[in-house]
Number of protein chains: 2
Amino acid sequence: MIMEKALSSVEVLPSKSSQVTAVKVVVQEPETKPTQRGKRVGFVLVHAGAGYHSESKAKEYKHVCKRACQKAIEKLQAGALATDAVTAALIELEDSPFTNAGLGSNLNLLGEIECDASIMDGKSLNFGAVGALSGIKNPVSVANRLLCEGQKGKLSAGRIPPCFLVGEGAYRWAVDHGIPACPPGIMATRFSLAAFKRNKRKLELAEKVETDLIQLKKRRQSHEKGSSVMCSACGRPERPVMVGKGGDQIELYLLENDLGTLDTVGAVVVDQEGNVAAAVSSGGLALKHPGRVGQAALYGCGCWAENTGARTPYSTAVSTSGCGEHLVRTILARECSCALQTEDAHQALLETMQNKFIGSPFLANEDGVLGGVIVLRSCRCSAEPESSQEKPTLLVEFLWSHTTESMCVGYMSAQDGKAKTHISRLPPGAVAGQSVAIEGGVCRLESPES
Amino acid sequence: MIMEKALSSVEVLPSKSSQVTAVKVVVQEPETKPTQRGKRVGFVLVHAGAGYHSESKAKEYKHVCKRACQKAIEKLQAGALATDAVTAALIELEDSPFTNAGLGSNLNLLGEIECDASIMDGKSLNFGAVGALSGIKNPVSVANRLLCEGQKGKLSAGRIPPCFLVGEGAYRWAVDHGIPACPPGIMATRFSLAAFKRNKRKLELAEKVETDLIQLKKRRQSHEKGSSVMCSACGRPERPVMVGKGGDQIELYLLENDLGTLDTVGAVVVDQEGNVAAAVSSGGLALKHPGRVGQAALYGCGCWAENTGARTPYSTAVSTSGCGEHLVRTILARECSCALQTEDAHQALLETMQNKFIGSPFLANEDGVLGGVIVLRSCRCSAEPESSQEKPTLLVEFLWSHTTESMCVGYMSAQDGKAKTHISRLPPGAVAGQSVAIEGGVCRLESPES
């Protein structure tokens, strides 16, 4: 990969709200020696979630991002479509027990796993999605199959093929289309079961304390503090939240959702022809209500991919992560894609995250707005503008941005020997949910040699 | 209601595509004597679907629209919120056996009823939705309850309340929140069961013919025509569609979806304070795959409501109807709402239907683009601009537009004694899926007398 430019270090940008501190943190990429110079077969950017990635697990998160990139590039090198490459990356991310997608997903209130996933093809603009799906190891493969079947045209008797299936119906459709069923017991891991038990205990404690609070209010007594809770995962005291008003306030301990483990996964891909694709997959919030569907299944919210067209000078692909309800209300994936049609991708994404996400009127009542995006945009250009030899290249700009404490990403071009990975973090002092981190780079993919 | 202006008769507008004939058909409204002049408590516009409304059932469709308007106005007169008024209208529309929502909904492939519904509050910008919900008589009441619960803030232990629930989980949530369960047997009507049987027969025939076609191709024989099918509902020969290519083409008979019975229902409301709300409810496509979720459940696609704000000079409310997949891919409700922020509401809606719906690059491969919208926008203004007496009034513009053969609407202001209803039809010669009809009116709601 040839790094065209690498954006500079920390920069504090002005913002309308005093609560919003936009911080631009960009890593200077070391230039790598291209291993297959001249062989342009695409680029992939993946994420293992915007949330909180502990230092202790950083190695695992980076490792799965690296493997996901490699899988996508292998597919592209074998001549696969952008949608197949993005699916391959997602399957690798879903199969990791560390991510909140597929295997090891968060358990819902009843201790079940229900997954959301979606995929979009920038060439056909088709979309496939599943919501609250149980019993299938790789939800993204069902979403991709829905997309593929949708592209075949109408079903018998002129029926319109579905693009979004949920629950039991989605499961039946998948099995009917040859996707193997997976017993739900296999999907839960030692980690996810332990997290479920911790969360259930916290919920019971919280509900007991809240019941006490109601009784307290009835008796019009002054407040009492809840007993201190230690995190069973790391042993450190947990961040409490205040519940109630005025003198009746008491401390409560949040579920691991709010401690930052929102690690939905996703990927964006551009192939040799310049076609883009995007996908996203999530196990949803811990202890969510059964049947709850989040942004990962919803059109415009979880992912977006759109090839260059009459009204769109750039091909764009976006995948989001974070608090589903925040990403849904702001239709963030599509919003980012639209914004990226202006000249300065970095500025466009930063403004979108500030004005259309943190500053969105649709989230005015939220304490903090938690999410992250990976974006990719590409356009054809000449390799050496001043040269008479018009050798067309593909200019790929890639960025990630988040309001959560951290976001783990990986990226790779078909010209690279291996993927690069990085855990992006908000700088010290920046408040999660109120600040934006943004990083990225540019690479130029040359034409394949004939 | 005081009719401010009524737009003039038939007008053929220029269009970019030769296939698109935009036709503006506007009914001249007779001025009604206001029964409660000076009592400004709001306005409601409802629809009983964009699709095909037979002359034989026109009376029933109009009657249910009238009752739905009355229910919403009664709520507004009793001081209810816009969301409660819009819910009341929807319940009336869902309870009609003639509409494809709630009672009498289309049956899916397995002969079950699974409903989608959503609601949006323009004041809080909150949203509630259910998808593939069985066993609840009024899906919109669950959507409204999700919206109400979401407005109360976080659940115990800091959990984010769900805004979108599907399937069994949605059913359990509804019952846990005191919404009575309804045995699925009660939801199916004589009409819906008869339509299911007809559709199943057509599907079997289609699949047999398609299997024959494959065998035919194998034998490289010339084509045969399928036997003629009469509609069991009305006895007339049905519109066939050609399947296969070249010499292998044969005729097939479409399901009632494609004959135009896409009668999703919806409503938009503005209350005395100028707050808007929108809702939509649908039984989905006939013989849909179980678990299929359409636009009626999806954020930005089925309905949209947004009060006037810093960036939005008008309050807008939109509800859509038609082919779910077409409405989803174009995020049509939100698209209309955004467009309505420009000065000429009629022109903005027409251009949206032409360029962002029929002409959408997201539907480029579709034979015809089927859908309809009702929209309402309001702003505060002075009653008599030249008068020194500044008596604030609410100017309400309301429009409906469709690409389907017909659309049934009703509307009423709190100052009217009864609702007006109308079945809007494409003019003779216009092709459904390629032409746009647009109609509407304006009314001025005066301040309540103290």
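Convention: sequence-line order gives letters A, B, ...; per-chain numbering from 1. All values below come from the heavy atoms of this structure, side chains included, with hydrogens, waters and symmetry mates left out.
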Handout entry: Per-residue contact mode, A:Glu114 against chain B (heavy atom under 4.5 angstrom)
Key = neither
Problem - Aromatic ring pairing B:Tyr299/A:Phe362, orientation class (parallel under 30°, perpendicular over 60°, tilted between) - result: perpendicular
Handout entry: B:Glu204 CD to A:Ser156 OG distance, which is reported to the nearest 0.5 Å
Key = 10.5 Å
Exercise for the section: Would you mind checking which part of B:Phe127 comes under 4.5 Å of any heavy atom in chain A, side chain (CB onward), backbone (N, CA, C, O), both or neither? Expected result: neither
Practice task
Identify which part of B:Glu325 has an atom lying under 4.5 Å from any heavy atom of chain A, answering side chain, backbone, both or neither.
Solution key: side chain
Handout entry: chain B interface, residue from A:Gly324, A:Gly169, A:Gly300, A:Gly291 that has the most non-hydrogen pairs under 4.5 Å
Key = A:Gly291
Handout entry: Salt-bridge present (A:Arg159, B:Glu207; N to O < 4.0 Å)
Key = yes
Exercise for the section: For each of B:Leu298, B:Asp367, B:Ile331, tally heavy-atom pairs with chain A at distances under 4.5 Å, and name the one with the top tally. Expected result: B:Ile331
Practice task
Please step through side-chain contact (heavy atoms from CB on, under 4.5 Å) for the pair B:Val293 and A:Leu165, ending with a clear verdict.
Solution key: CA-CA 6 Å; B:Val293 173; A:Leu165 290 175; over 6 Å; no
Completion exercise
The interface call for A:Leu110 against chain B, heavy-atom contacts under 4.5 Å, is side chain
Fill in the blank from the handout: In this structure, CD1 of B:Ile160 is separated from SG of A:Cys323 (nearest 0.5 Å) by 3.0 Å
Problem - Rounded distance [0.5 Å steps], CG in B:Leu109 versus CZ in A:Arg172 - result: 10.0 Å
Fill in the blank from the handout: CG (B:Leu125) and CG (A:Leu363) are apart, to the nearest 0.5 Å, by 9.5 Å
Fill in the blank from the handout: CZ (A:Arg329) and CG (B:Asn126) are apart, to the nearest 0.5 Å, by 4.5 Å
Handout entry: Test log, rule side-chain contact (heavy atoms from CB on, under 4.5 Å), inputs A:Val166 and B:Arg292
Key = CA-CA 6 Å; A:Val166 299; B:Arg292 179 261 189 190; over 6 Å; no
